[in-house]
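Because the structure is a prediction, the values reported are computed rather than measured. Counting starts at 1 for both ligands and their atoms, following the listed order. Positions are given from 1, in the same order as the sequence printed here.
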Amino acid sequence: MNVVVATSNAGKVREIEEALQGTGWTLSPLGGLILPEETGATYEENAALKACAAALMTGRPALADDSGIEVEALGGEPGVYSARYGNRDNDVERNVYLLEKLRGQTNRRAKFVSVVILAYPDGHLETYRGELPGTLLEGPRGANGFGYDPLFVPDGDTRTLAELTVAEKRAISHRGRALAALRDAHRSGLPERDITPIV
Ligand SMILES: O=c1[nH]cnc2c1ncn2[C@@H]1O[C@H](COP(=O)(O)OP(=O)(O)O)[C@@H](O)[C@H]1O
Ligand SMILES: [Mg+2]
């Protein structure tokens, strides 16, 4: 199956490619295609917006991830708005903003959520979800990964996600779990679908 990866986030592309190695699928980049604005109120809605748009534009099955970090002491913020948190426009500034919000806060609990959707041009959707609980440090550690990885220590480890290799992160992460569920569903023989576009 030739699947379009409907994201321009380089960190996600790396993780999706690694997680789907050995499936026999060919993964194609989005190229110059522009994804719609994320106007949904949930990860599911936003992932569906991105995956459906890419499937309709390319005529191929398309995979999108919408994800975020939910911080307990902030009532679950930034959640679906993680990519634009504090209106800061890069990962380092968003991490600084999050640390400022949590200054003096003893409850450092948080979780990552990933919703992965595979959309087909005939309108069919498959939805997979993964979560990863952990705690937030008071400063960044590590140079791998992306986003809030340098601040986040997953339960069961002492390293941040940014101190793990791509394979180590995939084995435990929200996105890794969602993608493993996708792999399992297809390994056990989901039918290859009609890819005839509906428009
Ligand atoms: O695995 C992760 N590690 C660190 N940060 C993450 C991870 N997954 C999601 N995030 C954060 O949540 C945001 C999710 O963004 P979203 O899924 O809306 O769109 P994007 O693909 O344009 O980044 C990311 O930009 C990042 O800041
Ligand atoms: Mg989003």
Side-chain angles (χ1 to χ4, degrees), residues 4-19 27 29-30 33-54 62-71 74 76-99 101-102 108 110-119 127-137 139-155 157 159-180:
V4 177
V5 179
T7 180
S8 47
N9 179 320
K12 287 186 185 178
V13 171
R14 211 163 34 242
E15 292 182 12
I16 291 168
E17 284 175 346
E18 197 270 350
L27 302 180
L30 249 191
L33 297 178
I34 308 286
L35 292 173
E37 224 185 295
E38 290 185 21
T39 52
T42 62
Y43 304 110
E44 283 79 4
E45 285 173 21
N46 285 332
L49 273 172
K50 295 187 270 192
C52 290
L63 189 69
D65 161 287
D66 196 57
S67 44
I69 188 165
E70 300 183 358
V71 180
L74 302 176
E77 271 186 36
V80 276
Y81 306 109
S82 296
R84 312 185 279 284
Y85 196 35
N87 265 324
R88 308 295 168 105
D89 53 27
N90 65 61
D91 284 344
V92 172
E93 288 186 18
R94 281 188 286 271
N95 283 345
V96 168
Y97 184 76
L98 178 58
L99 288 175
K101 288 279 237 186
L102 289 177
R108 315 291 296 189
K111 70 174 177 185
F112 275 112
V113 179
S114 161
V115 171
V116 165
I117 291 189
L118 182 60
T127 304
Y128 305 92
R129 188 184 177 100
E131 299 194 358
L132 176 63
T135 55
L136 289 163
L137 299 179
R141 245 175 37 206
N144 302 333
F146 68 98
Y148 304 96
D149 280 349
L151 301 182
F152 187 91
V153 177
D155 286 353
D157 210 315
R159 298 167 296 174
T160 68
L161 287 178
E163 294 174 310
L164 305 185
T165 64
V166 177
E168 285 172 331
K169 181 178 171 187
R170 185 246 313 141
I172 58 166
S173 78
H174 46 309
R175 186 167 302 102
R177 287 175 181 166
L179 290 166

Given the rule in the side-chain contact (heavy atoms from CB on, under 4.5 Å) test, do His174 and Val113 qualify, once you have shown the distances and angles that lead to the verdict?
CA-CA 6 Å; His174 46 309; Val113 179; 5.7 Å; no
Any nitrogen or oxygen of [X], side chain or backbone, less than 3.5 Å from one on ligand 1?
| X | answer |
| --- | --- |
| His174 | yes |
| Glu38 | yes |
| Glu15 | no |

Should you measure from each heavy atom of [X], which atoms of ligand 1 turn up under 4.0 Å away?
| X | answer |
| --- | --- |
| Gly147 | 4 (C), 5 (N), 27 (O) |
| Lys169 | 1 (O), 2 (C), 3 (N) |
| Gly68 | 12 (O) |
| Lys12 | 16 (P), 17 (O), 19 (O), 20 (P), 21 (O) |
| Asp149 | 1 (O), 2 (C), 3 (N), 4 (C) |

Should we count CG of Asn87 as having more than 12 external heavy atoms under 6.0 Å?
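Counting neighbours around CG of Asn87, 12 or fewer heavy atoms of other residues, nucleotides or ligands fall under 6.0 Å, so no.
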Is there a heavy atom of [X] sitting under 4.0 angstrom from any atom of ligand 1?
| X | result |
| --- | --- |
| Ser173 | no |
| Arg84 | no |
| Ile69 | no |

To check your reading of the model: name the closest protein heavy atom to [atom], its residue, and the distance in Å.
| atom | result |
| --- | --- |
| atom 6 (C) of ligand 1 | Phe112 CE2, 3.4 Å |
| atom 14 (C) of ligand 1 | Ser67 O, 3.1 Å |
| atom 23 (O) of ligand 1 | Asn9 ND2, 3.0 Å |
| atom 5 (N) of ligand 1 | Tyr148 N, 3.1 Å |
| atom 8 (N) of ligand 1 | Arg175 NH2, 2.8 Å |

From the list Val153, Asn144, Leu151, Ile172, side chain to side chain contact (heavy atoms under 4.5 Å, CB included) with Leu161 holds only for Ile172
Just to be sure I read this right, does ligand 1 sit under 4.0 Å from the backbone of [X], its side chain, both, or neither, counting only heavy atoms?
| X | result |
| --- | --- |
| Arg170 | neither |
| Thr7 | side chain |
| Tyr85 | neither |
| Asp66 | both |

Test log, rule side-chain contact (heavy atoms from CB on, under 4.5 Å), inputs Lys169 and Glu18
CA-CA 11 Å; Lys169 181 178 171 187; Glu18 197 270 350; over 6 Å; no
Smallest separation among heavy atoms of [X] and [Y], with atom names:
| X | Y | result |
| --- | --- | --- |
| Leu136 | Ala110 | CD1-CB, 3.8 Å |
| Tyr85 | Pro78 | CD1-CB, 3.3 Å |
| Lys12 | Thr7 | CD-OG1, 3.8 Å |
| Arg108 | Leu99 | NH2-CD2, 4.0 Å |
| Ala6 | Lys50 | CB-O, 3.9 Å |
| Ile16 | Arg175 | CG1-CD, 4.4 Å |

The Mg ion (ligand 2) to Asp66: nearest N/O/S atom name:
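When I compare the N, O and S atoms of Asp66, OD1 is nearest to the Mg ion (ligand 2).
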Of all N/O/S atoms in Glu38, the name of the one nearest the Mg ion (ligand 2):
OE1
Working to the nearest 0.5 angstrom, can you tell me the gap between Phe152 CZ and Ser173 OG?
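Spacing of CZ (Phe152) from OG (Ser173) equals 10.0 Å.
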Evaluate Val80 against Glu45 for side-chain contact (heavy atoms from CB on, under 4.5 Å), listing each step before the verdict.
CA-CA 10 Å; Val80 276; Glu45 285 173 21; over 6 Å; no
Might you work through the side-chain contact (heavy atoms from CB on, under 4.5 Å) test for Leu63 and Leu179, ending with a clear yes or no?
CA-CA 10 Å; Leu63 189 69; Leu179 290 166; 4.2 Å; yes
Given Ala83, Ala64, Ser82, identify the one with the heavy atom nearest to atom 25 (O) of ligand 1.
Ala83
For Phe112 and Tyr148, take the angle between the two ring planes, folded into 0 to 90°, and tell me which bin it lands in: parallel under 30, tilted 30 to 60, perpendicular over 60.
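Ring orientation of Phe112 relative to Tyr148: tilted.
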